[in-house]
Amino acid sequence: MKRPYFRFVSVFLVAIVVSGFFGFVFAESEEINLPQRKIVVFKDGVSDVEKGRILSAARSVKVHKLRHGDALVAYVDNTSETKLLKNAKVVRVEDDVVVEALEGAADATDKKAKPAATQPVQMLPWGVYRINADRVWTLGETGGGINIGIIDTGISTTHPDLLGNIKGGVSEVAYTSNWNDDNGHGSHVAGVVAALNNTIGVVGGVPAANLYAIKVLDRNGSGYLSDVIDGIDWATANGMQVINLSLGTTTDVRSLHDAVIRAQNAGVVVVAAAGNSGGSVIYPAAYPEAIAVAATDFSNSAPYWSSRGPEVDLAAPGVSIYSTYKGTKYATLSGTSMASPHVAAAAAFVLKRATDTAFDELDNSCVSEFDVNCNGAWDPKEVQAKLEATATDLGTGGQDDIYGYGLVSAYAAFTN
Ligand code: CA
Ligand code: CA
């Protein structure tokens, strides 16, 4: 009687293995109803207790609350989503998609090299030179006092060419409350904006500006959209004047757009990388409230991978850009990630110049070319208009899908 028993057990085991295997195949081809990370947006005024009740009733599991009061992140399956959407207190349920840092081709030897025993002698990176930032320095302006938020992988807390300019930060990622850069991308972007003008390494476009590390991406350079949204809202609440988003997604999510609109309405200039696919401009760059930046190389041509479309506003150096990196290192990277911070620096210069505020008493109207609302301050749309009007036209005449209004010029934006 031992043998049939053994046979029964083996048939049973085979059945488990086979069903497991087919279960996996089934999941791949027909999409099993698994819980996904979603952003659940509630109507204003729904209490946290009530939100919790609504989620439990729909069998959803809350992950965390977003900084902006009416939304939270939860694991929601298809059945739960249907239930949630039937509730009048739920406005919408959106995918909490994965967002990626927009770093393209990299010089792998730089990234993998051990930190040098001594810091290299300071050089002027070609991109900072190309946007004529150094010519603004000769006028005595280096961007002092302007708060620039780097929404990225963090900023190195040990880099001698950045440290003096880092005034604060926040981590929005779940695994750490430390905004130190465990990837390198954010430190690279930060260095393009504001590496120190000293004797070592590189110099950023506005070497006296205040840097804030807003960590939303992990050590692999990816993160959740909800953390990016929280990072934008942190910047809006904490006095950032310019934010740089060298990241994005092809998915248009309303909650991301709303956060960008909140930032702009609060006076924050939003600068974002156009994308590295060579295809359509990604989000948040594609939103009208963000300045979308394409990349150019040493000969002012756009690389094939620089994303394009009517949403491109400006172009800036993004090929073979040498800057600060993880720890105390430096690296040469390419991507619209590297182009965007050149425009962030130029925007800081615009914020430092006087407005052209002028009011016609007879006409009872504003006659300023750039301070269109005559409030004596640079509002984000006015900063963008100044940058576009003073850019150097590239490609086909006038605005085009590859270069937008052209190559940004920090000097022309500050002086013209
Ligand atoms: Ca330096
Ligand atoms: Ca104004």
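Order of listing sets the numbers, starting from 1, for every ligand and every atom in it.
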Quiz prompt | Aromatic ring proximity, centroids under 6.0 angstrom, Tyr322 and His188 | solution = no
Practice problem: Could you label the plane-to-plane angle of the Trp126 and Phe298 rings as parallel, tilted or perpendicular, counting under 30° as parallel and over 60° as perpendicular? | Solution: perpendicular
Quiz item: Can you find a side-chain donor-acceptor pair between Thr336 and Asn276 that sits under 3.5 Å?
Solution: yes
Practice problem: With the Ca ion (ligand 1) as the centre, enumerate protein N/O/S atoms below 3.0 Å in chain and residue order. | Solution: Gln122 OE1, Asp161 OD1, Asp161 OD2, Leu196 O, Asn198 OD1, Ile200 O, Val202 O
Exercise. Answer yes if the side chains of Asp258 and Ser255 hold a donor-acceptor pair under 3.5 Å, and no otherwise.
Key: no
Self-check item: Distance-only polar pair, side chains of Asn198 and Asp161, donor-acceptor under 3.5 Å
Solution: yes
Quiz item: With distance as the sole criterion, is a donor-acceptor pair present between the side chains of Ser171 and Asn178 under 3.5 Å?
Solution: no
